[in-house]
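Please read the structure below before turning to the comments.
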Amino acid sequence: MAEEKKKKEKIPRQPMPAQEAKVRARNFEEVPFGYSSETAMKEAARCIQCKKPACVDGCPVGIDIPGFINLVKEGEFTKSISKIWEMNTLPAVCGRVCPQEIQCEGKCIVGKKGAPVAIGNLERFVADYEREKRLAPAPEKAASTGKRVAVVGSGPSGLTVASDLAAKGHEVTIYEAFHKPGGVLVYGIPEFRLPKDIVFSEVAGLESMGVNLEMNAVIGRTKTLDELFEEGFDAIYVGVGAGLPTFMNIEGENLIGVFSANEYLTRSNLMKAYLFPEYDTPIIKGKNVVTMGGGNVAMDSARTALRLGAERSIIVYRRSREELPARTEEVHHAEEEGVEFHFLTNPTKFMGDEKGRLNSMECLKMELGEPDASGRRRPSAIEGSEFQMEIDLAVIAIGAGANPLLTQSTEDLKLNKWGYIDADEATGKTSKKAVWAGGDIVTGAATVILAMGAGRAAADSMHEYLTLGW
Amino acid sequence: MFKIVRREEMAEGTVVLNEIDAPLIAKKAKPGQFVILKANETGERIPLTMADTDPEKGTVTIIYQIVGKSTAIFKTLQVGDGYQDVIGPLGKPTHLEKLGTVVCVGGGTGVAVLHPITRGLKEVGNEVIGIIGARNKELLILEDHMKDASHELNVCTDDGSYGHHGFVTDILKKTLEEKDVKLVVGIGPVPMMCFVAKMTKEYNVKTMVSLNPIMIDGTGMCGGCRVSVGGETKFACVDGPEFDGHEVDFDVLMNRLQSYTNEEQECYDEYCTMQTAK
Ligand SMILES: Cc1cc2nc3c(=O)[nH]c(=O)nc-3n(C[C@H](O)[C@H](O)[C@H](O)COP(=O)(O)OP(=O)(O)OC[C@H]3O[C@@H](n4cnc5c(N)ncnc54)[C@H](O)[C@@H]3O)c2cc1C
Ligand code: SF4
Ligand code: FES
């Protein structure tokens, strides 16, 4: 037994084949190619099938990780996807965007001594295999209950609720403000990290389960929550995300060439400005681009700028490398592609030419002090350390807030002091009868898998209500 | 798809009216609110303030000027064709209140936006004076509609081909001198709104303007539509589109409207070349 274990540890973690950094930095195609069946089986063999798998504790939705990996090892890819689907309806997405290093892979025992099992890569492999082959039986659908559910927002959280409740026999309609479904998966995360066809294929799966999709429906404007109840919906899930851009409130922020990451990425991803003029939406292609922030949104913006032709794409972050909140893989990919990092730097003002176009920015150097409430060391400015950078495009990616459009149009929906919806942590129940909420509009900007987890918990609670009462 | 049920060309074909089948929006829309339209898969999202709505028929009416590729594509749509996406109603409705004498000033296609507001202000009991203008007689739109919507209508043309020879601000000044004006609503090209606001400031008369910055989502998500009002950044799509004209920084608005002039020209030229080639 000990012998066998030792042998297994010897297989190195299978590297993910990917487009060469120099090439990919100039195109919008997906960066990693994915594992082949052979590589996947080899990687799966590294899993030691723990009796008490720590990785499962690390997964917010509790996928049976050793279970699905064992099936991969045996070449039973179709059975493997059915196993994952028991807990996660969007594995092709999660395999690509989950911060595995702090979740499943971060807890993996194999990782204590070497590199952890590549759980994310395997999840992605299984999902891609199924999308290509379509061999797995569709998840079962219960008989119709005659109950109607409205889901507001088609991000990962809303999609999860829709799929769970449709499977339980309820009639589900998703209302989405944009003209395309998917939420951040479509308007925020770029094509080179998450091809949009994957998202649309997941949505098509929902439609084939009988879920209705109403695009261009801004709830709070086109219809209110109360009007949805009047129309005969029995329960509503609100998963509208954290769609409010944060600006820095510094001088010059309204100059041409200063963007919120939301605008920059929406233009490029949802509106396909990277294909301009084939697509009509324009985007400013900077030569010297600076992105403010250190999360996934910042990495996505800086890497998009390179692909749009920037000569230099620089990330300005006020803390140090250790505090970067982005997924490790994204930071790594960004660096490989040539994104420069200026740590411990904070912008203080933007300056422009006589036509109101951004041409430079002033920054201050920072130093790290004592840890703050979040446990991260608080940066403070070094006096007299001002310096200037010549730039022609700035993207502000320092976070997102609660968009008030829906919440302000709904009277009896209790909010917290930051404007997020006050919802029960375990069930997603809000202060308003028959209304649940989850995802970024409850937690603030978080992750895809947490939004899905919240959706799943709410779907259970909604099902209970629909069958037993409030 | 959102079908076009009626289409008219105005101002020598430089301005087009579309009445569009959009029952949900028609039911909800109020004067001053806008919709975002996208013609087809590759299209841009274009915000346009509604010129009229008919809740019974379930239609909304937009009137737009051909200014670039997107509106040039809109112009090709005929009755029976449609827009792939229409989103709304967006923005805050105009605050309609009985105040006494109000003046509604419109320039160019701004008159289309001004019309429902003028009508609304009359309906709540105000004495409404309308002033509309265009470069010449041919470019003037909705004169009859504005006549019905106001108690008194003044028409101006820059070249003197019709009505008063001169600018809307000439008549506005006279009116401000002669009457106890409680509110001015100014909607039109940015320089016009800027002049109107400067003038009414001298007379200390409250002034509303309707802003038309570049937008994407129209729901407060992207911040692309930000304008500077009273030194504060506001999002025109959710905080507006109407703002106090005395507080608006028109220079910032004008600048930001020119964000994509280079790109738009490129796109428009290519489109025109393609059309000619066809
Ligand atoms: C650029 C970027 C990169 C990211 N990268 C990662 C990553 O790598 N890994 C990760 O785990 N997480 C990542 N995240 C975070 C993750 O995407 C979000 O946490 C997640 O999408 C939240 O899901 P949600 O369903 O709550 O909301 P969203 O995905 O925000 O979806 C909400 C939907 O509701 C719609 N909506 C809003 N208001 C209304 C209304 N009034 N009526 C109707 N519809 C409405 C919106 O248009 C949107 O489609 C990233 C986020 C961004 C912006
Ligand atoms: S969903 Fe995320 S956390 Fe769970 S196993 Fe997959 S990658 Fe890991
Ligand atoms: S158009 Fe995006 S915030 Fe107004």
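Just so it is clear: chains get the letters A, B, ... in the order the sequence lines come, proteins before strands, and each one is counted from 1.
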Heavy-atom count around [X] [atom1] within 6.0 Å, excluding the residue itself: above 12?
{"X": "B/K3", "atom1": "NZ", "result": "no"}
{"X": "B/K57", "atom1": "NZ", "result": "yes"}
{"X": "B/E56", "atom1": "CD", "result": "no"}
{"X": "B/F195", "atom1": "CZ", "result": "no"}
{"X": "A/E251", "atom1": "CD", "result": "no"}
{"X": "A/K285", "atom1": "NZ", "result": "yes"}

- Might you work through the side-chain contact (heavy atoms from CB on, under 4.5 Å) test for B/I73 and A/D280, ending with a clear yes or no? CA-CA 10 Å; B/I73 293 174; A/D280 300 339; 3.6 Å; yes

Taking the side chain from [X] and the backbone from [Y], do they hold a donor-acceptor pair closer than 3.5 Å?
{"X": "A/S260", "Y": "B/C222", "value": "yes"}
{"X": "A/R357", "Y": "B/S259", "value": "yes"}
{"X": "B/R256", "Y": "A/G356", "value": "no"}
{"X": "A/N262", "Y": "B/M221", "value": "yes"}

Looking at chain A, which one of [options] has the largest number of heavy-atom pairs inside 4.5 Å, strictly under?
{"options": "B/G218, B/G223, B/A39", "result": "B/G223"}
{"options": "B/D249, B/V86, B/I214, B/V252", "result": "B/V86"}
{"options": "B/I36, B/I25, B/N40, B/I87", "result": "B/I87"}

Between [options], the one whose heavy-atom pairs under 4.5 Å with chain B are most numerous:
{"options": "A/P245, A/G352, A/A273", "result": "A/P245"}
{"options": "A/N254, A/L244, A/I283", "result": "A/N254"}
{"options": "A/T222, A/V258, A/L405, A/L265", "result": "A/T222"}

- Task: Could you tell me how the ring of A/F259 sits relative to the ring of B/Y260: parallel (under 30°), tilted (30 to 60°) or perpendicular (over 60°)?
- Result: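 If you compare the ring of A/F259 with that of B/Y260, the planes turn out tilted.
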
- salt_bridge(B/K28, A/E227) N-O dist < 4.0 Å: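 Salt bridge between B/K28 and A/E227, a charged N being under 4.0 Å from a carboxylate O: yes.
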
- Query: Does the pair B/E41/A/K272 count as a salt bridge with the N-to-O cut at 4.0 Å?
  - Reply: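 So B/E41 does not pair with A/K272 through a salt bridge.
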
Minimum side-chain heavy-atom gap [X]-[Y] below 4.5 Å:
{"X": "A/E253", "Y": "B/T233", "answer": "no"}
{"X": "A/K355", "Y": "B/Q258", "answer": "no"}
{"X": "A/R221", "Y": "B/V238", "answer": "yes"}

- Message: Please evaluate residues A/K223 and B/L24 with respect to the criterion side-chain contact (heavy atoms from CB on, under 4.5 Å), reporting the C-alpha separation (whole Å), side-chain torsions for both, the decisive distance (0.1 Å), and the verdict.
- Response: CA-CA 8 Å; A/K223 286 176 182 177; B/L24 287 181; 3.7 Å; yes

- Item | Gap between atom CD1 of A/I256 and atom OG1 of B/T261 - 0.5 Å precision |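 The CD1 atom of A/I256 is 7.0 Å from OG1 of B/T261, to the nearest 0.5 Å.
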
- Message: Would you compute the distance between atom OG1 of B/T219 and atom CG of A/N403 and round it to the nearest 0.5 angstrom?
- Response: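 Going from the OG1 atom of B/T219 to the CG atom of A/N403 covers 5.5 Å.
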
- Task: Evaluate the criterion side-chain contact (heavy atoms from CB on, under 4.5 Å) for residue pair A/M271 and B/E44; output intermediate values, then yes/no.
- Result: CA-CA 7 Å; A/M271 304 310 296; B/E44 212 181 341; 5.5 Å; no

Given a strict heavy-atom distance threshold of 4.5 Å, which part of [X] is in contact with chain B: side chain, backbone, both, or neither?
{"X": "A/L255", "answer": "backbone"}
{"X": "A/T246", "answer": "neither"}
{"X": "A/Y264", "answer": "neither"}

- Task: Side chain from CB out, backbone as N, CA, C, O: work out which of these in B/K38 comes under 4.5 Å of a heavy atom of chain A, or both, or neither.
- Result: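 For B/K38, the contact with chain A is made by the side chain alone.
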
- Of all heavy-atom pairs between A/N216 and B/F2, which one has the smallest distance, and what is that distance?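 In terms of heavy atoms, the two residues are closest at ND2-CE1, 4.1 Å.
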
- Which is it for A/F178 and B/D217 under the side-chain contact (heavy atoms from CB on, under 4.5 Å) test, yes or no, and what are the steps along the way? CA-CA 7 Å; A/F178 265 130; B/D217 54 300; 3.7 Å; yes

